[in-house]
There are 2 protein chains.
Amino acid sequence: MVGHRRDADLPDDAVARLREAGLRPTRQRRRLADLLFRQGDRHVTAELLHQEADESGFHVSLATVYNTLHQFTAAGLLRQVVVDSSRKYFDTNTGPHQHFYDEAEGRLTDIAGDDITVSGLPAPPAGMAVASVDVVVRLRPAR
Amino acid sequence: MVGHRRDADLPDDAVARLREAGLRPTRQRRRLADLLFRQGDRHVTAELLHQEADESGFHVSLATVYNTLHQFTAAGLLRQVVVDSSRKYFDTNTGPHQHFYDEAEGRLTDIAGDDITVSGLPAPPAGMAVASVDVVVRLRPAR
DNA sequence: ATTTGTGCAAATCGTTTGCATCTGA
DNA sequence: TCAGATGCAAACGATTTGCACAAAT
């Protein structure tokens, strides 16, 4: 039984993805999911995604963008990346990998997880285990 | 020519350090410098340093703590560490090294720069140069 | 005397939350 | 129907800033 198709121009990849993640495929989630997942790996801030939605003629409240990003993250569709102590970035690539960060532009780029290796890690302090090893290569304009 | 000694109990390491850095050794800078540099490598947030000053009976405004941390950073006495997207950490160790970060406690620990090695770094995008390679090993309680 | 720093309170920025209203199954 | 989602505006926490006052050279 197929429901009414409200956004006939959008494919249902998003819907399937959302359902699998246990999230109700609401209109705003579908649209945001489309923006996020239809163009390869992306790195967005809430502000950026909100603006992008807006420009594509889809109006969502910023609060909903935040909520959605968090829900997607909790559902494992996104991952947070810490590269800036004042903005939160969300990454559509949830696999193991690292990042280039262009501070001036606020732009993130992936470094494939199998390119880079960190060796010589000391043992973590007693009672602690390693949760993750995050590498950020900060970039500046070449001289 | 030696000036009047106002805080007879404090050594003048701080004063020398400040002068070398081109900063006027004001009372608050001396006290904050003492808190920062007299006990080996430290990692503080403005809030933490402010509170510490307060507890040691020295009252400074939070704004001054922020200003001072920034001035010290600009002068090369401190370095900022990005490990959390909502707090700013300042590190008294300005040399090359990396960090353990205990997210639950908000505590940073140094990893000596010569322990750890990052290899397999891809070349930075055209027109960009590597400014720094930052490694953060996130810790969680061992189960 | 002049320059530089400090403190306070108000302003800002990104993010989060409470709650009335709306929507999807 | 009705649990769950959305939007708005207000609340928030960390940080920054403007400006009158105070301290350092």
Side-chain angles (χ1 to χ4, degrees), chain A residues 1-7 10 12 14-16 18-33 43-51 53-54 58-75 77-78 80-90 106, chain B residues 1-7 12 14-16 18-33 44-51 53-54 58-75 77-78 80-90 106:
Chain A
M1 178 63 96
V2 179
H4 295 279
R5 182 69 82 84
R6 299 277 174 70
D7 297 280
L10 295 176
D12 284 49
V15 173
L18 290 172
R19 280 204 211 289
E20 274 162 35
L23 294 168
R24 260 156 73 165
T26 66
R27 194 146 72 89
Q28 14 290 79
R29 284 183 186 154
R30 264 181 284 150
R31 300 296 292 256
L32 294 177
H43 304 87
V44 302
T45 59
E47 200 75 50
L48 181 72
L49 184 58
H50 181 244
Q51 179 182 317
D54 226 66
F58 178 61
H59 296 273
V60 217
S61 77
L62 184 53
T64 296
V65 172
Y66 273 107
N67 288 338
T68 302
L69 286 172
H70 290 146
Q71 293 152 353
F72 284 10
T73 302
L77 299 176
L78 293 177
Q80 276 202 235
V81 186
V82 179
V83 285
D84 184 304
S85 29
S86 61
R87 296 152 107 73
K88 298 194 174 173
Y89 282 83
F90 294 83
Chain B
M1 176 65 92
V2 180
H4 295 279
R5 181 70 82 86
R6 300 277 175 70
D7 298 278
D12 283 49
V15 173
L18 289 172
R19 281 207 211 288
E20 274 162 36
L23 293 169
R24 262 152 74 159
T26 66
R27 195 148 69 89
Q28 15 288 80
R29 284 183 185 152
R30 265 181 283 149
R31 300 297 291 257
L32 294 177
V44 301
T45 60
E47 199 75 50
L48 181 72
L49 183 59
H50 180 243
Q51 178 182 319
D54 226 67
F58 177 61
H59 296 272
V60 216
S61 76
L62 184 52
T64 295
V65 173
Y66 273 106
N67 288 338
T68 302
L69 287 172
H70 290 146
Q71 293 153 352
F72 284 12
T73 302
L77 299 175
L78 293 177
Q80 274 203 237
V81 186
V82 179
V83 285
D84 184 305
S85 27
S86 61
R87 297 151 109 74
K88 297 194 176 173
Y89 282 83
F90 295 83

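In what follows, chains are A, B, ... by sequence order, proteins preceding strands, each numbered from 1.
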Distance, rounded to the nearest Å, where [X] contributes [atom1] and [N] contributes [atom2]:
X: Leu62(A); N: dC8(D); atom1: CG; atom2: P; result: 11 Å
X: Gln80(B); N: dA14(D); atom1: CD; atom2: P; result: 16 Å
X: Leu18(A); N: dT23(C); atom1: CG; atom2: C1'; result: 15 Å
X: Phe90(A); N: dG14(C); atom1: CZ; atom2: C1'; result: 11 Å
X: Leu23(B); N: dT25(D); atom1: CG; atom2: P; result: 12 Å
X: Arg29(B); N: dA23(D); atom1: CZ; atom2: C1'; result: 11 Å
X: Leu48(A); N: dG14(C); atom1: CG; atom2: C1'; result: 14 Å
X: Leu69(A); N: dT6(D); atom1: CG; atom2: P; result: 12 Å

Judged by nearest nucleotide, the residue sitting upstream toward the 5' end of DNA chain D, Asn67(B) or Thr26(A), is Thr26(A)
For Arg24(B) and for Tyr66(B), find the nucleotide of DNA chain D with the closest heavy atom, then tell me which residue's nucleotide is more 5'. Tyr66(B)
Looking only at atom types and distance, does a side-chain atom of [X] sit under 3.5 Å from a main-chain N or O of [Y], one as donor and one as acceptor?
X: Arg29(B); Y: Arg24(B); value: yes
X: Tyr89(A); Y: Gly106(A); value: yes
X: His50(B); Y: Val60(B); value: yes

Can you give me the closest heavy-atom contact between Ser85(A) and Val82(B), atom names plus distance? N-CG1, 3.9 Å
Which nucleotide in [options] has an atom nearest any side-chain atom of [X]:
X: Pro25(B); options: dT25(D), dG5(C), dT15(C); answer: dT25(D)
X: Gln28(A); options: dT15(D), dT6(D), dT25(D); answer: dT6(D)
X: His70(A); options: dA25(C), dG7(C), dT16(C); answer: dT16(C)

Reckon Arg87(A) touches a base, only the sugar-phosphate, or nothing at all at heavy-atom distances under 4.0 Å? sugar-phosphate
Heavy atoms under 4.0 Å, any strand shown: does His50(B) hit a base, just sugar-phosphate, or nothing? nothing
Is any side-chain N or O of [X] closer than 4.0 Å to OP1 or OP2 of [N]?
X: Arg19(B); N: dT25(D); result: yes
X: Lys88(B); N: dT16(D); result: yes
X: Ser61(B); N: dG7(C); result: yes
X: Thr64(A); N: dG7(D); result: yes
X: Arg27(B); N: dA23(D); result: no

Measuring from atom CG of Leu78(A) to atom NE2 of His43(A), what distance do you get when rounded to the nearest 0.5 angstrom? 10.5 Å
Between the CZ atom in Arg27(B) and the OG1 atom in Thr64(B), the distance rounded to the nearest 0.5 Å is 11.5 Å
Return the 5'-most residue of the pair Ser85(B), Ala63(B) with respect to DNA chain C, ranking by each residue's nearest nucleotide. Ala63(B)
